[in-house]
Engineer: 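Can you keep this structure in mind? I'll have questions shortly.
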Amino acid sequence: MAEDRRQDQDFIRPVRRILIGLLATLMLLIFVVWRIDSPRVEQFRMAVIDRVVPSFDWAMRPVARGVALAENFRSYARIIEQNQELRRELQQMRAWREAALQLEQRNAQLLDLNQVRLDPQLTHVTGVVMADSGSPFRKSVLLNVGARDGVRDGWAVMDGLGLAGRIAGVGQRTSRVVLLTDTASAVPVVIQPSGQRAMLIGDNSAFPILEFIESPDDLRPGDRVISSDDGGVFPAGILVGEVVATSDRRLRVRISADFGRLEFLRVLRSRPMERIVDTGDLIAPDQLELNPLELEEPAALPPPLQSDAGDG
Amino acid sequence: MVERRQTQRLLYVSLFLGLAALMTFYRLLPLGSYGISHDLAGQDALPGSSIGFTLGSLPAPDFLLCLTLAWVVRRPDMLPAPIIVGYFFIEDILLLRPPGLWALIVLLGSEYLRTRTEQLRGYGFWLEFLFVIGLMLAMFLTNRAMLAIVMMPQAPLGLSFVQFLGTVAAYPVVVAVSHFIFGLRKPATGEVDSLGQRL
């Protein structure tokens, strides 16, 4: 018996070495293939997640709920303090509400005067957050709506208040939202009231950085940041947050969306914007060369200008 | 007798897989605050000072790596390499890491430990700990170096260093749990298994 095992080991050792080598090569190969043809492997990854994570849902939901319950319970301890705080805030809010109502009416009047047409195609699908990215370096969540519900890559996602991120990766039943705080997230924004354009770039902290600002001196902490349709990715005019200045003189954004409690997220269906492809045509009456005598007549209108199609 | 050894091995492998699945499951749970503290008085958490490392936003230590290394040091025969690679690959896929890279590094690291089994057996815990710290550092650095070579965007250096420190700190805990609860120890010199073979 004893000799048997020795022999076994002598026999097994080289085979084992080959096996390990094969495994290592396989892993390296997968990594290289992923680096070369990322979309296909990512598709595979999305398919796996699409299959695996929903099957955990029955277990995840109760645990997540339980923890949320415990959190809530803990906050009962400070209930009086909170109550006072809320009352105070409520008082302030009343004043703001009054102001907002007045502004809304005024805004409606002005819009009416300007005959502005808001984009009527902005509808949304709402999904429930199913899972976290699991990695400390990735800020993303998994929603339970997917290609089945018509979700596409690149659509904007918001919670009730403001922009939360965008769709990156769509499975049949799930889709992944890259949050604004992720390092891979870069979103064009407009800063009001100065109207400057900038990029909002996530850096894994709670407050993403504003980059590529033309004149940072014009910005003030507290300025509103809203999304912009530069590059044709996002619908314009969604609230993102407000500017804050950090001690190292960098401008960051406090996001309005409540990242502490992402539960229901709204995916905005955005249609690809119409592009203006051709340059302007020559404006000239058609008959000009044929019979110059009829020039005085109201000639046929020039072909409708493409610039009517939309100026985005 | 042989069956008994096989059963024990099967037991440990399934224990490993179960623990690993539990950890992955916990990491996937949608509890995260996504970078913003749960505090109701969010106004107090002014940026600038708090953007650095608040406890809430610290990356959690990689317990699974600790578990793998601790077990391979103790009983290399109880944790076959294909199981390690397979699990880490699945984790790569689920946690959005570059697929295959971390699995490869963990495989190489654990194989390196496996070849040093005889040497490690002679070490006490603290020496072993130092050895493992060195290995982990090499693994983390290799990971970063590989990502840099293929020009992938990386996690900030500070954050991954904090994760490394956390993982180092978690190693003794994992070893203690394995030792006292799962009964996984280094075989003593001259210890024999049920067949009378040297372990």
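Reminder, nothing fancy here: chain letters follow the sequence lines and each chain counts from 1.
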Engineer: List the steps and the verdict of side-chain contact (heavy atoms from CB on, under 4.5 Å) for A:V48 and B:I90.
Structural biologist: CA-CA 9 Å; A:V48 171; B:I90 292 174; over 6 Å; no
Engineer: How long is the gap from CG on B:L104 to CD1 on A:I30, to the nearest 0.5 Å?
Structural biologist: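 The CG atom of B:L104 sits 10.0 Å away from the CD1 atom of A:I30.
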Engineer: May I ask you to name which of B:E91, B:M151, B:R114, B:M146 has the most heavy-atom pairs under 4.5 Å with chain A?
Structural biologist: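 Top option by heavy-atom pairs under 4.5 Å: B:R114.
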Engineer: Please list every donor-acceptor pair under 3.5 Å in which a side-chain atom of residues 158-170 of chain B meets a protein atom from a residue at least two apart or in another chain.
Structural biologist:
from: B:S160; atom 1: OG; to: B:R144; atom 2: NH1; distance (Å): 2.7
from: B:S160; atom 1: OG; to: B:P156; atom 2: O; distance (Å): 3.2
from: B:S160; atom 1: OG; to: B:L157; atom 2: O; distance (Å): 3.3
from: B:Q163; atom 1: NE2; to: B:A60; atom 2: O; distance (Å): 3.4
from: B:T167; atom 1: OG1; to: B:D62; atom 2: N; distance (Å): 3.2
from: B:T167; atom 1: OG1; to: B:Q163; atom 2: O; distance (Å): 2.6

Engineer: With chain B as the partner chain, list the residues of residues 19-27 of chain A whose heavy atoms fall under 4.5 Å from it, by residue number, and write 'none' if nothing qualifies.
Structural biologist: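 Checking residues 19-27 of chain A against chain B gives A:L19, A:I20, A:L23, A:A24, A:M27.
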Engineer: Select, from B:I93, B:T24, B:L94, the one with the greatest count of heavy-atom pairs under 4.5 Å involving chain A.
Structural biologist: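 If we count pairs closer than 4.5 Å to chain A, B:I93 comes out on top.
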Engineer: Report the distance from atom CE of B:M152 to atom CZ of A:F31, rounding to the nearest 0.5 Å.
Structural biologist: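 The distance works out to 7.0 Å.
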Engineer: Less than 4.5 Å to any heavy atom of chain B: does that hold for the side chain of A:R250, its backbone, both, or neither?
Structural biologist: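 Answer is neither: A:R250 stays 4.5 Å or more from chain B.
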Engineer: Take atom CG in A:L90; do more than 12 heavy atoms of anything else shown fall under 6.0 Å from it?
Structural biologist: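 It does: A:L90 CG has more than 12 such atoms within range.
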Engineer: Against chain A, label B:L107 side chain, backbone, both or neither, depending on which of its atoms sit under 4.5 Å from a heavy atom there.
Structural biologist: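 When you check distances to chain A, only side chain atoms of B:L107 fall under 4.5 Å.
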Engineer: Give the member of B:P82, B:G86, B:P98, B:A103 that has the highest number of heavy-atom pairs under 4.5 Å with chain A.
Structural biologist: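 Of B:P82, B:G86, B:P98, B:A103, B:P98 has the most heavy-atom pairs under 4.5 Å with chain A.
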Engineer: At a heavy-atom distance under 4.5 Å, which candidate from A:E263, A:R35, A:E42, A:R45 has the highest pair count against chain B?
Structural biologist: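 Counting heavy-atom pairs under 4.5 Å, the top option is A:R45.
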Engineer: So for A:V33, is it side chain, backbone, both, or neither that comes closer than 4.5 Å to the heavy atoms of chain B?
Structural biologist: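 When you check distances to chain B, no heavy atom of A:V33 falls under 4.5 Å.
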